[in-house]
Amino acid sequence: MSTKNIGWNFDNSYLQLPEIMATKYSPVPVKEPKVIIFNHTLAKTLGLDFSSLTEEEKAKLFSGNSIPDNTQTFAQSYAGHQFGHFTMLGDGRAIVLGEHISPEQKRFDIQFKGSGRTPFSRSGDGRAALGPMLREYIISEAMHHLGIPTTRSLAVVATGEDVIRETSLPGAILTRVAASHIRVGTFEFVAAQKDINALQALIKYSIRRHYPELAEATNPALTLFRAVRNRQLDLIVHYMRVGFIHGVLNTDNVAISGESIDYGPCAFMDHYDPKTKFSSIDHAGRYAYGNQPLIAKWNLARFAETLIPLVDIDLNKAVEILEAEVNQCSEIYKKKSLEMMRKKLGMEGTIEEDNSLITKLLQWMNKSQADYTNTFKDLTNGTLSHSMYQDLDFQNWNDLYQKRKPNREIMKQHNPQVIPRNHKVEEALLAATNHDLQPLHSLLKALEKPYQETHEMKNYQDPAPASNEPYQTFCGT
Ligand code: AMP
Ligand code: MG
């Protein structure tokens with residue numbers, strides 16, 4: 001397909017890496033593609049204009065049925081620890097269309113998810129169902145508007161083919177836009193090959209692509225580790241701030257760029273409980289809300305292991321250095337987390353008692369089954385009329401808290417007024433799979449400005465009726 005007028009500016013720098021890193025491969029064409037949703041705002045940000053295309057041409061493009069000129073599509077090699085177990089993986093249902101360079105000279109992977117079998121598919125069909133792809137669209141866009149580094153969604157196209165899961169479901173392809181798809185699992189793949197040259201090349205490439213300011217580092221492996229650690233812990237702090245539970249923080253879902261990636265069984269917490277988990281397959285709560293900081297450290301330890309041979313020629317020394325770096329995760333997280341909670345509570349400066357004030361509020365919320373988002377929203381807005389706040393423990397806490405003179409302007413910037421509530425997401429997905437896209441569009445509109453009170457968000461702020469619980473999510477693979 002001609003790329004005229006659209007503004008595509010493709011590069012394929014990833015294919016300059018050693019051959020083991022990727023397999024040139026094409027999406028498997030689908031029967032009858034149809035655009036379900038398209039992200040015009042994101043297209044504009046990318047410097048792309050699809051207005052010259054007919055709906056049919058757009059559907060062909062975003063299903064991979066027709067590939068733009070000047071790019072080479074490929075599937076990436078990677079491995080990963082899934083629920084603690086090491087596995088060789090790779091893009092089993094995804095194809096990178098290319099790296100688009102925006103007018104601002106930013107590089108984005110454009111990737112199709114659900115685009116058919118690849119050499120990495122194992123027993124999978126390479127496909128995806130419409131519901132889970134729209135779910136990724138909703139949540140990734142919500143995360144973006146919440147100010148959290150994330151991959152984004154450019155389009156969802158129905159394939160006109162069914163996919164067989166527990167039942168037969170309509171198939172779909174998501175176009176994902178990411179800073180890159182390099183993950184901890186990519187490093188684990190290279191480490192498992194024991195290919196030092198490839199490891200060196202991947203480190204250099206990752207630094208150039210995501211941390212160019214570190215290009216001159218004397219110890220690139222160690223420097224990269226610290227940089228990734230910083231961004232990953234920042235990301236987890238964001239998750240904790242907005243009550244987000246990723247649900248499947250396997251090392252293949254931990255991006256080196258620091259973006260949040262892969263929205264499968266994720267969901268937002270309603271009432272505050274660190275043990276909250278929604279994923280039907282996370283039996284032990286490995287990826288529960290309150291476990292995410294520990295899991296981030298665990299994942300970073302797996303990342304550190306891959307870097308050992310390049311941190312020091314004395315391998316024992318390399319292990320010692322990296323162990324110390326990994327162990328710092330807890331302290332760094334604690335500091336970042338405290339800073340974040342102070343902002344949620346509008347506390348300026350630092351006072352010894354802040355930590356205990358924060359802990360007491362969370363304990364009260366846990367005990368009272370208080371909604372996480374709405375408690376902070378009510379504190380921010382000064383709307384504490386709900387009978388729940390008549391509780392003596394809360395009032396005692398609030399007396400102490402008010403003495404801290406909270407700054408509401410700070411609170412407004414860190415406490416969302418709206419999140420994608422589970423029941424609202426389900427409602428929109430159900431309607432969309434029954435060909436009614438209105439609820440999906442209304443939900444997306446409601447999530448666009450989460451830090452301002454907008455008219456559009458009014459019907460999206462309440463938690464689900466208690467009878468709706470327990471809520472469960474599924475991987476959708
Ligand atoms: P995810 O859970 O989406 O992070 O996927 C984990 C791994 O399983 C990746 O290597 C995917 O490419 C692969 N995978 C997931 N679903 C499918 C599928 N339907 N067909 C083939 N591979 C899949
Ligand atoms: Mg994944």
Side-chain angles (χ1 to χ4, degrees), residues 21-23 25-28 30 64 73-96 109 111-137 139-140 143 150-153 156 159 161-189 192 232 235 245-257 259-267 278-282 286-287 295 299 302-303 473-477:
M21 303 304 299
T23 303
Y25 213 76
S26 300
V28 181
V30 298
T73 58
F74 61 93
Q76 290 185 343
S77 315
Y78 56 89
H81 276 85
Q82 298 189 304
F83 287 90
H85 302 287
F86 182 75
T87 322
M88 284 300 199
L89 296 162
D91 282 334
R93 58 162 173 172
I95 291 285
V96 178
D109 269 13
Q111 191 208 54
F112 296 134
K113 185 169 170 181
S115 51
R117 284 182 56 79
T118 75
F120 302 103
S121 295
R122 298 172 291 163
S123 59
D125 60 3
R127 291 298 181 194
L130 178 61
M133 294 306 99
L134 288 176
R135 178 174 244 282
E136 170 149 350
Y137 189 109
I139 308 290
S140 61
M143 295 294 267
T150 178
T151 68
R152 295 189 66 186
S153 303
V156 174
T159 58
E161 296 172 6
D162 284 344
V163 295
I164 311 300
R165 297 295 180 258
E166 284 82 16
T167 55
S168 181
L169 300 168
I173 295 169
L174 170 85
T175 303
R176 176 154 76 183
V177 178
S180 86
H181 286 85
I182 308 169
R183 352 148 169 251
V184 167
T186 315
F187 282 80
E188 291 181 285
F189 167 78
Q232 275 305 317
L235 179 61
I245 299 150
H246 182 284
V248 61
L249 281 177
N250 293 330
T251 55
D252 51 305
N253 292 336
V254 177
I256 297 303
S257 65
E259 281 184 347
S260 179
I261 187 168
D262 246 356
Y263 298 99
C266 58
F278 297 110
S279 169
S280 59
I281 57 166
D282 188 9
R286 179 182 171 88
Y287 300 131
I295 282 297
N299 288 337
R302 303 292 78 73
F303 180 43
T473 56
F474 302 90
C475 273
T477 47

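Whatever order the structure lists them in is the order used to number ligands and atoms, beginning at 1.
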Does a donor on one side chain and an acceptor on the other come within less than 3.5 Å for Thr150 and Tyr263?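 On atom types as modelled, these side chains qualify, holding a pair under 3.5 Å.
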
Could you tell me if Ser140 and Ser153 have a donor-acceptor pair between their side chains, going purely by distance under 3.5 Å?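 The criterion, which ignores hydrogens and geometry beyond distance, is satisfied for Ser140 and Ser153.
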
CA sep, side-chain torsions, deciding dist, call: Arg127, Asp162, salt bridge (Lys or Arg N to Asp or Glu O under 4.0 Å): CA-CA 9 Å; Arg127 291 298 181 194; Asp162 284 344; over 6 Å; no

What I'd like to find out is whether the side chain of [X] reaches to under 4.5 Å of the side chain of [Y], using heavy atoms alone.
{"X": "His81", "Y": "Val184", "answer": "no"}
{"X": "Asn299", "Y": "Leu249", "answer": "yes"}
{"X": "Asp282", "Y": "Phe83", "answer": "yes"}

Asp262 and its side chain to side chain donor-acceptor pair (under 3.5 Å) partner, picked from Arg176, Arg183, His246: Arg176

Atom name of the N, O or S atom in Asp262 that lies nearest to the Mg ion (ligand 2): OD2

Report whether any nitrogen, oxygen or sulfur of Asn253 sits less than 2.8 Å from the Mg ion (ligand 2) (N, O or S, backbone or side chain). yes

Between the protein and ligand 1, which nitrogen or oxygen pairs come in under 3.5 Å, and how far apart is each?
residue: ligand 1; atom: 4 (O); partner: Asn253; partner atom: OD1; Å: 3.1
residue: ligand 1; atom: 4 (O); partner: Asp262; partner atom: OD2; Å: 2.8
residue: ligand 1; atom: 8 (O); partner: Arg122; partner atom: NH2; Å: 3.3
residue: ligand 1; atom: 10 (O); partner: Tyr78; partner atom: OH; Å: 3.3
residue: ligand 1; atom: 10 (O); partner: Gly90; partner atom: O; Å: 2.6
residue: ligand 1; atom: 12 (O); partner: Gly90; partner atom: O; Å: 3.3
residue: ligand 1; atom: 12 (O); partner: Gly92; partner atom: N; Å: 2.7
residue: ligand 1; atom: 16 (N); partner: Arg93; partner atom: NE; Å: 3.3
residue: ligand 1; atom: 19 (N); partner: Asp125; partner atom: OD1; Å: 3.0
residue: ligand 1; atom: 19 (N); partner: Arg127; partner atom: O; Å: 3.3
residue: ligand 1; atom: 20 (N); partner: Asp125; partner atom: N; Å: 3.3
residue: ligand 1; atom: 20 (N); partner: Gly126; partner atom: N; Å: 2.8

